[in-house]
Amino acid sequence: MLNILLGRRKTHSYGLVATCIIAFALMLRILLILLHWPATNSDESVMALIANDIAYHGKTPVIFYGQDYMGLIEAYLGALFYHLTGGLSITALRLGVVLLMGVFFVVMYHLTRLLYSPKLALLTLAILSVSTLSYVGRLVLATGGSAETLVFGALSFLLAARLSYTYQRHTTVSSRLRRLPGYLCFGIIVGLGIWSDMVGAPLYLMATLLLLVFCWREIFIYGGWLIGLVGGAIGLLPTILYALQNPGKSLLGGLLSQAEGAPLDARPEQLTLWHKVVETFQVSLPTATGSPFCPVIEYPFMGDNTRRSLTCGIIQSSWSLGYILLMAASIAIAIAALTYLKQSQKGLSQVEQHRQQVSYVARLCLLGAAVLSILIYINSAGPVDQPGYHARYLVSLFVVTPAMLAPLYYAARSLREGHRWARVRFYGSRAILGALIMILIAGTGMAFIEIPKAHAEIARRQHLIDQLNALHVSYLYTDYWTCYSLVVATINTRHPIVCSVIDNQGSPRHERIPAFRVALKNSKRSPFMCATDFTLTTRPLYDCLPYVQALVKKTNDQIGRYFVRHKLDGYILYRPEPKS
């Protein structure tokens, strides 16, 4: 009885510490978004406009505007927070992401505790609380997909592990039937995850494999597969409805074309396997797993783009090498433990043997998801020319964090006297864990250091808006990364701006809201605005100035002075000013 009470007290203390860590992580994020870090961009602005349509215009979209894939959970949460906070704002929109991250932390605590131990679960939470702030606030920005991938990926593994742990080979039919709702929930989780963003597919695939290994009788004999498919259809219902409403569009085909299609301006050497591997391990993998060193974000307005150098290459490659070594060690340990369990089962009950077997296989499946994610990424177009920006496609690696920490944690947990290698392993593991925690804390500190830069970007955007208002510009054509951030910044002001996207050929590439283009066509004499400061947009895709200058010259030559050039803050504006 005393042991039971002590066990409950220890469990309660672990839960209390976990609650404190999660509260710290969420308050840290809330503080940063209240301080307007990081500065918003047009991807997030489109999500804000979708949430605005949901909250105030009675719309019920199911797919991110103009993209044909990626769900809108963040938009619906944003619409809720709009009502709770009094209207459209980027801060309110980001609160939905904070809520999702809170769910992720809770799920990761329970998943790590189930597969490993309560103490490792607390260490995992502590690491995740700061490491997920990296990559230019990717898991603070409400750009869709990333936070949802973490939530549904971790949930799918937690539920698969629970079902596998509680599986009994010899039980009654009624007990089997009572477990079927678990497969329904699993299907719903996977369906919602796929609807939200397909980048979590390796997690869902390996979680499904875990179920097949241990629960195949329930799945194939008692109808678990059918129940799971029904759940998947429920989770994918938004995708199914969209496909029915748009019969000419294939969501999966569109996503695969995005992943596999090489950039049109890619050089032949950038398409080689060697180039992709190098870019993945020198940029994408360190960026996606929380390295704060030598950040590479090819879009300057999203963060620092460190100059590629030998020093940075060594630092980032060392980080990736350490990550791969930890992965290999974790895989080897799980395989060795599973082999030992099969060879020596003395003193273990059948239930305990089953639980340990599930634990080791689940760990291998978790690690398999990491390996699969990296291999798929290397084979995609992600690392071809923008390995920093596309590192978001590896966001599911955060779910594998406990498996990466496990070798260090178990080596640092206890010291066996008399073994020189044991002492090296013990003190070395503690030193590595300590260094890792300090590095990640420093990375979080960098976020606060970047707050003035974010404020400067906000002030610069407002100055541009003031200049446009002074010229009485309410409609204009401009590049994607400028357009929607201007719309959101002015939507509730006396002088809202409506814009339509043009690229370097004058075409509406990445036009997310066709109604805006219709509005510009119906308006009279809409001006063109192109960036001259390419820290504000992407070049050459949105270097529209040569195209616009040619159009202006042609028009002015035909009908006289019509377009007048205005130099703004980082832009050139050509405004129609016909002679009366």
Side-chain angles (χ1 to χ4, degrees), residues 38-47 64 67 69-70 132-147 149 197-199 255 257-267 270-271 275-308 312-313 316 319-320 373-374 376-398 443 446-447 450 453-454 457 479-482 484-485 503 509-510 512 531 534-543:
T40 189
N41 59 57
S42 277
D43 280 346
E44 187 174 43
S45 296
V46 173
M47 189 70 78
F64 194 84
Q67 201 155 276
Y69 64 92
M70 191 183 293
T132 50
L133 272 174
S134 62
Y135 186 40
V136 202
R138 183 72 196 174
L139 296 171
V140 176
L141 287 166
T143 50
S146 296
T149 295
D197 199 334
M198 280 284 288
V199 298
L255 182 65
S257 66
Q258 290 283 335
E260 297 176 356
L264 296 176
D265 57 347
R267 300 186 303 275
Q270 290 180 304
L271 303 177
H275 174 82
K276 291 182 178 182
V277 170
V278 170
E279 293 299 279
T280 297
F281 286 92
Q282 284 196 350
V283 179
S284 301
L285 185 58
T287 301
T289 53
S291 171
F293 303 119
C294 302
V296 176
I297 305 298
E298 293 81 9
Y299 296 173
F301 46 88
M302 287 188 176
D304 293 333
N305 186 8
T306 306
R307 184 177 62 85
R308 304 292 288 274
C312 281
Q316 296 292 59
W319 180 283
S320 292
S373 296
I374 294 172
I376 291 174
Y377 179 78
I378 290 173
N379 192 51
S380 73
V384 171
D385 65 340
Q386 295 178 347
Y389 177 67
H390 291 140
R392 68 189 190 277
Y393 297 136
L394 291 172
V395 69
S396 56
L397 293 180
F398 280 121
M446 292 177 186
E450 291 175 359
K453 181 180 177 181
E457 292 179 20
D479 67 272
Y480 173 77
W481 294 110
T482 301
Y484 295 111
S485 60
D503 63 8
R509 188 182 302 194
H510 295 153
R512 301 299 191 195
F534 289 100
T535 64
L536 302 173
T537 189
T538 51
R539 189 178 188 178
L541 179 58
Y542 291 117
D543 182 11

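Everything numeric in this text was worked out from a predicted model, so none of it was measured.
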Supply the atom-to-atom distance Asp197 CG to Met70 CE, rounded to the nearest 0.5 angstrom.
-> 4.5 Å

Heavy-atom pair of closest approach, residues Arg512 and Val46 | CG-CG2, 3.8 Å

Inter-residue atom distance Trp481.CH2 - Leu541.CG, 0.5 Å rounding = 10.0 Å

4.5 Å side-chain heavy-atom contact, Leu536 and Asp479 = no

Does Ser284 use its side chain to pair, donor to acceptor, with the backbone of Pro387 at less than 3.5 Å?
-> yes

Check for a donor-acceptor pair, side chain of Ser485 on one end and backbone N or O of Thr482 on the other, with a separation under 3.5 Å.
-> yes

Ala454 versus Pro38, closest heavy-atom pair with distance | CB-C, 4.4 Å

Is there a side-chain contact between Val283 and Pro383 (heavy atoms, below 4.5 Å)?
-> no

Spatial distance of atom OG1 (Thr537) from atom OH (Tyr480) [nearest 0.5 Å] | 10.5 Å

Tyr542 versus Arg509, closest heavy-atom pair with distance | OH-O, 3.6 Å

Trp319 and Thr289: CA distance, side-chain angles, deciding distance, side-chain contact (heavy atoms from CB on, under 4.5 Å) verdict | CA-CA 9 Å; Trp319 180 283; Thr289 53; 3.0 Å; yes

How far does CD of Glu457 sit from CG of Asn41, to the nearest 0.5 angstrom?
-> 9.5 Å

Are the side chains of Lys276 and Tyr377 in touch, meaning some heavy atoms are under 4.5 Å apart?
-> no

Value rounded to 0.5 Å, distance of SG in Cys312 from CD in Gln282 = 10.0 Å

Parallel, tilted or perpendicular: ring planes of Tyr393 versus His390, cut at 30 and 60 degrees = parallel

When you measure from the side chain of Gln316 to the backbone N and O of Phe293, does any donor-acceptor pair fall under 3.5 Å?
-> yes

Of all heavy-atom pairs linking Leu394 and Ser373, the shortest is CD2-O, 3.7 Å

Nearest heavy atoms of Ala391 and Ala288, plus distance in Å = O-CB, 3.5 Å

Is any side-chain heavy atom of Asp43 less than 4.5 Å from a side-chain heavy atom of Tyr484?
-> no

Under 3.5 Å: donor-acceptor pair, side chain of Thr280, backbone of Ile378 = no

Backbone of Thr143 reached by a side-chain donor or acceptor of Glu44 within 3.5 Å = no

Interatomic spacing from CD in Gln386 to OG1 in Thr538 - rounded to 0.5 Å = 8.0 Å

